Amino acid sequence: QNCNSIERVYVQESIWTRFLDLLTGKMKRIRVGNGMDPGTDMGPLASAEQLHKVESIVRHAEKQGAELLLGGRRVAGLDGHFFEPTLLHWPKNMQAPFQEEIFGPLIMVTPFSSDEEAIRLANHSPFGLAASVWTENRRRGEALARSIQSGTVMINDSVVSFGMPEAGWTGVKMSGVGWVHGEKGLDEMVNIKYVNRDPMSRTQKFWWFPYTAATAQALQSGMAFLYGTGVMKKIRLIPGILRYFAGYLAVNRGKKDKW
């Protein structure tokens, strides 16, 4: 139920069988029970609603064609919202896995044949909080990490980045709000105040009331000059703009702001 946990795993085809054997063996050794018991590895889900959600996700995945490799049921003999550690094989020729956060003991595994395919599969999600790349080749791992659409990408590690105060933490797409941790995270605790000193504070601003037809004409001409098209049109506007401001300065010379 960690928002940074791994839910989708894409495995190179050459190590697919060996990876599944190791992962299955590891998951079978997870001890499910009271989370306050030091002999427990995994406690219950947070609520009956969450238990029903995870159960429904597994049933829906099976109907879509996913293969249940391990678990997939409530834990028998335990009073509470307990669900078995569950492993699903999601073939890559199927539609993308359900586009929602799981927050349950469920992992979906999919084989891939090339790095490009792995990146495409990984990025096909509305979420982008955290991801990880696992490889013996550091340069390959860094190249893959740069291509994954995620606020955080860890190489040969997972989850721990959230506990690193020096590591900026945010999400992309539908994941995460703002920044925490790191230099940029400090901005979340700062209120920015803008202070302006107007160099025209001793004169009546030309955009203040009372307004005249000449003021309106000057503003229209100024907007047309700044944002209009056509060089000659802009040149023809200049004399009228200059005449208005010459008269404005003559009237306001020496006057102080009445406010």
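Predicted model only: the values in this text are computed from it and were never measured.
- In this structure, Leu226 is a member of the same hydrophobic cluster as Ile241, with clusters built from ILVMFWY side-chain heavy atoms closer than 4.5 Å.
- Atom-to-atom distance recorded for Thr152:OG1 and Asn4:CG is 7.0 Å, nearest 0.5 angstrom.
- With rounding to the nearest 0.5 angstrom, the OH atom of Tyr10 is 7.0 Å from the CE atom of Met108.
- In the hydrophobic clustering of ILVMFWY residues, with side-chain heavy atoms under 4.5 Å counting as a link, Val180 and Met164 come out apart.
- To the nearest 0.5 Å, atom CG of residue Leu20 and atom CG of residue Leu87 are 6.5 Å apart.
- Between atom CZ of residue Phe83 and atom CZ of residue Arg73 there is a gap of 9.0 Å, rounded to the nearest 0.5 Å.
- The pair Glu142-Arg139 does not count as a salt bridge, with every side-chain nitrogen at least 4.0 angstrom from each carboxylate oxygen.
- Considering all non-hydrogen atoms of both residues, Lys184 and Trp179 come closest at CE-NE1, 3.1 Å.
- Residue-environment remark: CG (Asp37) exceeds the threshold of 12 foreign heavy atoms within 6.0 Å.
- Of all heavy-atom pairs between Glu84 and Gly72, the closest is OE1-N, 3.6 Å.
- In Lys173, the NZ atom is crowded: over 12 heavy atoms of neighbouring residues, nucleotides or ligands sit closer than 6.0 Å.
- Annotation for Ile119: hydrophobic cluster partners, listed by chain and number, are Val133, Leu144, Ile148, Val153 (ILVMFWY side-chain heavy atoms under 4.5 Å, direct or chained).
- Although no hydrogens or angles enter the test, the distance criterion places no donor-acceptor pair under 3.5 Å between the side chain of Gln64 and the main chain of Ala66.
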Practice item. Before giving the answer on side chain to side chain contact (heavy atoms under 4.5 Å, CB included), spell out for Phe103 and Cys3 the whole-Å C-alpha distance, their side-chain angles and the decisive distance to 0.1 Å. Key: CA-CA 7 Å; Phe103 284 105; Cys3 66; 4.0 Å; yes
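- Distance check, rounded to the nearest 0.5 Å: CZ of Arg236 to CE of Met232 gives 5.5 Å.
- Taking a 6.0 Å sphere around CD of Glu183, one finds it holds 12 or fewer heavy atoms contributed by other residues, nucleotides or ligands.
- Counted within 6.0 Å of CE on Met94, heavy atoms from surrounding residues, nucleotides or ligands total more than 12; the atom is thus considered enclosed.
- Here Ile102 contributes atom CD1 and Lys53 contributes atom NZ; the two are 8.0 Å apart, rounded to the nearest 0.5 Å.
- In Arg31, the CZ atom is crowded: over 12 heavy atoms of neighbouring residues, nucleotides or ligands sit closer than 6.0 Å.
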